[in-house]
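Computed from a prediction, not measured in an experiment: that's the story for all the values here. Lettering follows sequence order; numbering is per chain, from 1. Computed from heavy atoms alone, side chains included, the values below leave out hydrogens, waters and symmetry copies.
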Amino acid sequence: MLNLHNSLSRTVEPVAPLNHSGPLTFYTCGPTVYDVAHIGNFRSFLNADLLRRTLEFFGHEVIHVMNMTDVGHMTEDSSADGGGQDKMEVAAVRLKEAKKSGSLPEGVEVDANDPYAIADYFADRFLQDAKALGLRVVFDADEFPERMPRPTNFIPQMIAFIQRLIDDNHAYVAADGVVYFDTQSFPDYGQLSGNTLDTIRSGEGGRVDAQTQQVKKHPADFMLWKPDSQHLMRWDSPWGEGYPGWHIECSTMAIELLGEEIDIHSGGEDNIFPHHECEIAQSRCFTGRDSFARHWFHTRFLMIEGAKMSKSAGTCYVLEDLLARGATPAAVRLELLRTHYRSNANFTFQGLKDAQRMIERWKRMEAWLARHADVERVGPGPVESALGAFSEAIGNDLNVAGAIAALNGALAGIPIEAEAPPPAPDGSAGSGTWGDDLAALGKMNAVLGVLDLEHEPVRAAGGMDEAAIEAKLVARAEAKANRDFAAADAIRDELIAAGIVIKDGADGTTWTRSVG
RNA sequence: GGCCGUGUACCCAAGUGGCUUAAGGGGACGGAUUGCAAAUCCGUUAUCCGCGGGUUCGAAUCCCGCCGCGGCCUCCA
């Protein structure tokens with residue numbers, strides 16, 4: 001049983017499907033595909049993935065949908081009403097520059113004049129990264145493409161959605177030709193964010209474009225359709241050639257794919273207002289129901305080394321940046337996931353190393369259990385016994401740190417350094433095998449999702465290739481054989497400086513790349 | 001200014017009124033191991049939970065005030 005904090009009620013509530021026998025429906029506000037997703041974006045998607053895996057851990061079937069926003073939206077503050085620059089155009093310029101400077105990956109061909117090609121390019125990059133980090137919904141989408149819908153495939157549905165809102169007097173065409181949602185027609189506006197119509201009215205200062213404010217009935221009214229013959233992506237509509245508003249996409253796709261009332265809706269904390277507030281308004285006016293998503297799940301922001309993510313400070317890391325520094329996808333996943341989703345997380349390179357070490361230890365445990373899976377032991381074994389604490393922690397509003405502690409506690413009970421497991425005392429055999437513990441570990445990992453990810457560094461660190469490293473190691477072995485330890489240590493120091501850590505074992509020397 | 005979240009050791013981070021004289025991981029320190037290291041294993045490492053009041057037999061946990069950090073208040077995960 002999962003108890004989960006609900007941003008709408010601001011309390012922790014049990015999660016159960018609306019339709020008791022049916023699956024849970026879960027919609028996640030996914031990435032925009034004008035740029036590569038950074039690790040802050042991924043923290044939010046990973047927490048949605050963790051939630052989904054936890055629901056499955058507790059025996060629910062989950063239909064998880066995560067969109068990829070490919071309609072070019074606007075860059076400026078006033079842009080909710082249609083101003084600013086088209087983000088897809090910005091992306092095009094950026095791509096053209098990357099092409100010119102040769103910073104585009106080898107073999108990539110993108111027609112920067114085609115917005116759909118740009119969207120495809122960044123969508124592919126996203127899918128790649130998301131798979132490396134183990135987002136289940138992305139694997140689902142291989143079989144069911146509709147699990148990762150793109151708004152450009154839902155334009156007719158959006159138009160029908162908007163038309164119905166107009167027909168029911170929840171939307172209107174203003175003097176500027178733009179279709180706006182009439183927030184005053186929805187008394188519950190502000191329930192999610194606390195930004196009620198009164199507070200918005202009184203707080204209207206500076207940030208709203210005076211000209212568009214004049215044509216709207218209320219400053220909080222937001223755009224549903226904007227006629228614009230200049231916009232890069234545009235479609236015919238009853239209100240002229242143009243493009244849909246930002247919020248209408250998610251409402252339309254969620255209702256189309258999951259039904260008029262869904263169980264869980266997730267996103268980053270910045271989505272609470274205006275995006276999710278507006279989604280609720282539109283959707284409930286469309287369906288006439290008193291609920292759209294029953295449970296709202298919001299992940300707080302990620303900080304980098306104690307500070308805000310910043311482009312100018314170069315801390316808007318993308319997965320590739322971390323891999324290039326020797327991190328493994330598994331460690332990145334764990335580092336981004338192990339801070340509770342309702343706290344600001346602090347990403348550090350030290351933390352990344354911590355995560356890496358923890359996973360390496362789990363991998364050794366897994367290998368040991370697999371080796372001795374058929375061996376009987378006095379049961380229940382350590383991992384089996386920890387499953388209760390693990391389940392209680394993760395079921396308690398996704399207490400990942402507590403769940404990890406349960407797993408680490410089990411680790412102490414397994415002699416992973418021993419060649420052979422301790423023999424079961426006479427007469428006590430038959431209560432289980434180490435394979436049962438392996439199965440329990442599998443259940444835990446189905447939630448954490450790190451053991452089956454790539455856990456070896458995948459990119460060269462420090463610019464030294466394998467042949468060079470091997471050559472150094474041979475030289476060092478020779479020096480050691482001659483008892484010339486000064487020379488051997490000099491080689492070791494050189495490798496460490498290049499980001500290579502060496503390990504002298506019984507079977508010779510092995511090496512790994514270090515993180516950071 | 002309004003709304004929302006948050007503040008625990010050197011760092012990351014659990015703790016949801018008594019089982020807590022505060023989990024887990026990292027680091028540091030000591031020991032085993034090692035030519036010396038690294039890795040690994042064992043042990044030690046907060047009488048105290050941003051600050052000040054209050055409620056209670058009892059508070060890190062509840063309430064009030066203050067301070068700090070983060071988000072939103074029509075770009076944003």
Side-chain angles (χ1 to χ4, degrees), chain A residues 3 5 7 10 12 28-32 37-48 73-81 84-85 87 190 192-196 198-200 202-205 207-209 212-213 219-223 246-247 266-275 277-278 298-303 306-309 335 338-340 342-348 350-355 357-358 360-361 364 389 393 396-397 399-409 411 415-417 480 483 485-486 488-489 492-493 496 501-505 509-512:
Chain A
N3 289 298
H5 184 266
S7 318
R10 298 183 182 96
V12 175
T28 295
C29 280
T32 51
H38 55 65
I39 57 174
N41 301 125
F42 272 112
R43 162 147 133 109
S44 163
F45 306 140
L46 281 167
N47 272 107
H73 291 288
M74 300 294 138
T75 56
E76 289 179 8
D77 275 357
S78 55
S79 66
D81 304 322
Q85 215 181 343
K87 281 185 178 171
L192 177 69
S193 64
N195 293 325
T196 57
D198 284 352
T199 62
I200 289 172
S202 61
E204 61 180 303
R207 299 205 57 159
V208 279
D209 173 35
T212 41
Q213 285 317 321
D221 290 355
F222 53 92
M223 171 200 136
W246 171 37
H247 314 304
S266 80
E269 66 171 314
D270 56 331
N271 279 157
I272 295 172
F273 190 88
H275 187 49
E277 194 71 74
C278 294
H298 292 106
T299 301
R300 296 284 155 184
F301 267 36
L302 181 73
M303 315 275 288
K308 285 190 222 189
M309 275 188 125
E335 171 66 1
R338 65 180 172 151
T339 303
H340 189 80
R342 248 168 347 108
S343 302
N344 284 119
N346 187 18
F347 174 91
T348 61
Q350 182 60 52
L352 199 55
K353 285 184 200 172
D354 293 358
R357 278 181 84 138
M358 214 170 342
E360 278 162 17
R361 185 141 29 124
R364 272 187 283 132
N396 181 11
D397 198 22
N399 181 358
V400 200
I404 289 172
L407 174 52
N408 283 327
L411 197 56
I416 58 174
E417 295 309 311
K480 276 178 69 177
R483 302 195 67 78
F485 295 120
D489 291 353
R492 183 172 61 202
D493 290 345
I496 288 171
V501 179
I502 63 176
K503 199 191 285 189
D504 291 336
T509 302
T510 57
W511 57 273
T512 51

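- Shown here, B:A9 forms no base pair; nothing in the strands shown gives a Watson-Crick or G-U wobble contact with both key distances under 3.5 Å.
- Across all strands shown, A:Ala37 has no heavy atoms under 4.0 Å from either base or sugar-phosphate atoms.
- Spacing of C1' atoms, B:C3 relative to B:G53, comes out at 26 Å, to the nearest Å.
- Pair assignment for B:G27: B:U45, on the basis of Watson-Crick or G-U wobble contacts that are both within less than 3.5 Å.
- A distance of about 25 Å separates the C1' atoms of B:G27 and B:U21, rounded to the whole Å.
- Distance, A:Phe45 CZ to B:C76 P: 12 Å, rounded to whole Å.
- Applying the 3.5 Å distance criterion, the base of B:G24 shares no donor-acceptor pair with the side chain of A:Asn408.
- Distances from the side chain of A:Met358 to the nucleotides B:G25, B:A14, B:C73 place B:G25 closest.
- Taking only side-chain atoms of A:Arg338, from C-beta outward, the nucleotide of B:C12, B:G15, B:G71 with the closest atom is B:C12.
- Here the straight-line distance linking atom SG of A:Cys278 with atom CG of A:Asp221 works out to 9.5 Å at 0.5 Å rounding.
- Partner assigned to B:C57 is B:G18, using Watson-Crick or G-U wobble distances below 3.5 angstrom.
- At a cut-off of 3.5 angstrom, the base of B:C36 holds at least one donor-acceptor pair with the side chain of A:Arg492.
- Comparing B:C4, B:A14, B:C36 by their nearest atom to the side chain of A:Asp504 picks out B:C36.
- Here A:Asp489 pairs with A:Arg492 in a salt bridge; the nearest charged N to carboxylate O distance falls below 4.0 Å.
- In this structure, A:Leu302 places its CG atom 15 Å from C1' of B:U6, rounding to the nearest Å.
- For A:Asp354, the listed nucleotide lying nearest its side chain is B:G26; candidates were B:C41, B:G5, B:G26.
- Ranking B:G70, B:A14, B:G26 by closeness to the A:Gln350 side chain, first place goes to B:G26.
- Judged by atom type and distance alone, A:Asp397 does not reach the base of B:U16 through any side-chain donor-acceptor pair under 3.5 Å.
- Rounded to a whole Å, the NZ atom of A:Lys503 is 8 Å from the C1' atom of B:U40.
- Toward the 5′ end of RNA chain B lies the nearest nucleotide of A:Thr348, the other residue of the pair A:Ala488 and A:Thr348 mapping further downstream.
- Rounded to whole Å, atom P of B:C72 lies 10 Å from atom CG of A:Asn271.
- Between the C1' atoms of B:C63 and B:U56, the separation comes to 12 Å (whole Å).
- At whole-Å resolution of the value, CE in A:Met303 and C1' in B:U6 are 11 Å apart.
- Among the heavy atoms of the strands, none lies under 4.0 Å from A:Thr510.
- At the phosphate of B:G25, neither OP1 nor OP2 sits under 4.0 Å from any side-chain N or O atom of A:Arg357.
- Counting any heavy atom pair closer than 4.0 Å across all strands shown, A:Ser193 reaches sugar-phosphate atoms only and no base atom.
- To the nearest 0.5 angstrom, A:Met303 atom CE is 11.0 Å from A:Met309 atom CE.
- The CG atom of A:Leu407 lies 10.0 Å from the CZ atom of A:Arg361; values are rounded to the nearest 0.5 Å.
- Taking 4.0 angstrom as the limit, A:Trp246 places a side-chain polar atom (N or O) nearer than this to OP1 or OP2 of B:C76.
- Closest approach to the A:Val501 side chain among B:A38, B:C41, B:G25 is made by B:A38 (side chain taken as heavy atoms from C-beta onward).
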* Asked: Could you go step by step and tell me if A:His275 and A:Asp270 meet the side-chain contact (heavy atoms from CB on, under 4.5 Å) rule?
  -> CA-CA 8 Å; A:His275 187 49; A:Asp270 56 331; over 6 Å; no
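- Nucleotides B:U8 and B:C4 have their C1' atoms positioned 22 Å apart, rounded to a whole Å.
- Here, B:U33 and B:U16 have their C1' atoms 44 Å apart, quoted to the whole Å.
- When heavy atoms are screened at a 4.0 angstrom cut-off, A:Lys308 is found touching the sugar-phosphate backbone but no base atom.
- Pair assignment for B:A32: B:U40, on the basis of Watson-Crick or G-U wobble contacts that are both within less than 3.5 Å.
- Comparing B:C12 with B:C73, their P atoms sit 28 Å apart, to the nearest whole Å.
- Atom P of B:A59 sits at a distance of 41 Å from the matching atom of B:U40, rounded to the whole Å.
- None of A:Asn41, A:Leu46, A:Asn47 except one satisfies the side chain to side chain contact (heavy atoms under 4.5 Å, CB included) rule with A:Arg43; the exception is A:Asn47.
- Spacing between atom CG of A:Asn346 and atom C1' of B:G70 amounts to 11 Å, rounded to whole angstrom units.
- Nucleotide B:G52: paired with B:C64 (Watson-Crick or G-U wobble, both distances less than 3.5 Å).
- To the nearest angstrom, P of B:C73 lies 7 Å from CZ of A:Phe273.
- Listed candidates were B:G71, B:C41, B:A13. Nearest to the side chain of A:Arg361 is B:C41.
- Between the side chain of A:Asp489 and the base of B:G35, a donor-acceptor pair under 3.5 Å is found.
- Atom CG in A:Asn195 sits about 10 Å away from atom P in B:C4, given to the nearest Å.
- Of the candidates B:C12, B:C73, B:A13, B:C73 carries the atom nearest the A:Pro274 side chain, counting heavy atoms from C-beta on.
- For B:C72, the paired base is B:G2 (Watson-Crick or G-U wobble, both distances below 3.5 Å).
- In this structure, CD1 on A:Ile404 lies 12.5 Å from CG on A:Leu411, to the nearest 0.5 angstrom.
- In this structure, the nucleotide among B:A14, B:G24, B:G70 sitting nearest to the side chain of A:Arg300 is B:G70.
- From A:Asp354, atom CG reaches atom CZ of A:Arg338 across 5.0 Å, with rounding to the nearest 0.5 Å.
- Taking atom C1' in both B:U45 and B:G26, one finds a spacing of 13 Å when rounded to whole Å.
- Nucleic acid contact for A:His298: none, since no nucleic acid atom lies under 4.0 Å from a heavy atom of the residue.
- Closest to the A:Glu269 side chain, of the nucleotides B:C12, B:G35, B:G71, is B:G71.
- Two residues, A:Ile502 and A:Arg483, neighbour RNA chain B, and the one matched to the more 5' nucleotide by heavy-atom proximity is A:Arg483.
- In this structure, the separation between CZ on A:Arg357 and CG on A:Leu352 is 13.5 Å, given to the nearest 0.5 Å.
- Heavy atoms of A:Gly351 sit nowhere under 4.0 angstrom from any nucleic acid atom.
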